[in-house]
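Below, read A as the first sequence line, B as the second, and so on, with proteins coming before strands; counting in each chain starts at 1.
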Amino acid sequence: MTADLLNDPRIFEPSYHPENIVNRAEEAEEMLKMLSGDETNVQDLFLHGSHGTGKSVVTKQVLQNLEGRHQSCILSCTKYNTHYKVLQGFLERLTGEEVSSGYHASDLLRRLEKRIGAVPTVLVLDDADFLLENDGDDLLYSLSRIDGAENLGIVLITSYRNSLRNTVESRTYSSLQPQKIVFNPYTSKEIYRILSERAREAFTTHSVHRNALTYIASSVANAGFALHWLRVAAANASDTIRESAVKDAYSESVQSYTAEILGNHSLHHQLLHDSLTRLTEDRSKVNTGKVYEKYQERCQEASVEPLSDRRVSDYLKHLEFEGLIEAEYRYGGEKGKTREIRVRKPV
DNA sequence: CATCCACCGGAAATGTTGGGAC
DNA sequence: GTCCCAACATTTCCGGTGGATG
């Protein structure tokens, strides 16, 4: 690691909050208006866009702007993926007190209701695909019926589902009526700006070549991965970061980026993803059955009991939510009903 | 037209965990 | 400690799916 090159490694962490967010002013302004509750009730929002389009970062910024007047809290549904866990998480963050398990979910709901009271409140569910898959709309229904809902804004962030309407029951949808905001993929110009602004903060002057940044910017639209890639290249470089260093760092970046995402999931997700990469070294496709076979092998290697194929089918869906795999669903035909799966590199 | 492919995915059943009440 | 219970995680069960094939 080169301390002289990198002023502050935290600047590349996903948790880092940049001063200036490239080309998302419109979205931020709209969100602020909807959540402020100035002209009307605090609204519910549905934010959708592929990975690395700035959904979470913009949301954090907006919440910061509301600080003082609003109380707010963000949970990622990769971890908080059930009714109970979400209520527990929100309550803990808002009150600062630990909430153990063993209560009735309705108990927690009542406590949350009380806590919200007359205070404008924004509750954000990031990676909401995971919750919706698991819990259906049970939680959303409860939250939408909460007393004092005019002060409560629920923000759902998804990168897979592009609408809430076909996911939840119509009674839930109609009481939420979330305003949908779409985050379009960044252009390579925008990625370039994101990289160079971040590089200016993180590196000592002139330590990164312009070509190095253009190379990344022309390759990917996922800002999170772009930044990760640049950080890996920086860590490997001894003096200046050249285009060649960036090219060399690609595979390692993909690997560590993927590992980071998988780190939020179970061992079985990892084994499953691993089986898949072993099966499809090129950009070839495999069917679910083959993947499951390979997965069972991997489990044996790792001395772990494999999960049922039904469960694995759900886990594959999770990998799809995370953008780690691409699946095409086939119904009938000579191949029967299955899906063709391929590993997906971050783009 | 019946049958088959090769799974999908909903629903119910079962297993597990951690608390509270006694 | 024992019993009961809610919340989950996972398994078991099973009715689809629609073109290809005989």
Rounded to whole angstroms, how far apart are [atom1] on [X] and [atom2] on [N]?
| X | N | atom1 | atom2 | result |
| --- | --- | --- | --- | --- |
| A:H318 | C:dA9 | NE2 | C1' | 11 Å |
| A:H269 | C:dT10 | NE2 | P | 9 Å |
| A:E293 | B:dC7 | CD | P | 8 Å |
| A:E305 | B:dG15 | CD | C1' | 14 Å |
| A:L109 | C:dA6 | CG | P | 17 Å |
| A:R311 | C:dT12 | CZ | P | 13 Å |
| A:E133 | B:dA11 | CD | P | 13 Å |
| A:L316 | B:dA6 | CG | P | 18 Å |

May I ask you to decide whether [X] forms a salt bridge with [Y], counting only side-chain N to carboxylate O separations under 4.0 Å?
| X | Y | value |
| --- | --- | --- |
| A:E113 | A:R111 | no |
| A:D314 | A:R311 | yes |
| A:E133 | A:K317 | no |

Phosphate OP1/OP2 of [N] contacted by [X] side-chain N/O (<4.0 Å):
| X | N | answer |
| --- | --- | --- |
| A:T82 | C:dA7 | no |
| A:R339 | B:dC8 | yes |
| A:S308 | C:dT12 | no |

A:E169 backbone acceptor or donor facing A:D137 side chain under 3.5 Å: yes

Closest to side chain of [X], choosing from [options]:
| X | options | answer |
| --- | --- | --- |
| A:H83 | B:dC7, C:dT11, C:dC8 | C:dC8 |
| A:R310 | B:dG10, B:dC8, B:dC7 | B:dG10 |
| A:L307 | C:dA7, B:dG9, C:dT10 | C:dT10 |
| A:H104 | C:dA6, C:dC8, B:dG10 | C:dA6 |

Of residues 329-338 of chain A, the positions that come close to DNA chain C - non-hydrogen atoms, cut-off under 4.0 Å: A:Y331, A:G332, A:G333, A:E334, A:G336, A:K337

side-chain contact (heavy atoms from CB on, under 4.5 Å) between A:L125 and A:L131, intermediate numbers included: CA-CA 9 Å; A:L125 292 166; A:L131 178 75; 4.0 Å; yes

Centroid separation A:H51 to A:F321 less than 6.0 Å: no

Sugar-phosphate, base or nothing in reach of A:Y315, heavy atoms under 4.0 Å: sugar-phosphate

A:R24 to A:F183, cation-pi by 6.0 Å centre distance and 45° axis angle: no

Given DNA chain B, 5'-ward residue of the pair A:S313 and A:Y103, judged by closest heavy atom: A:S313

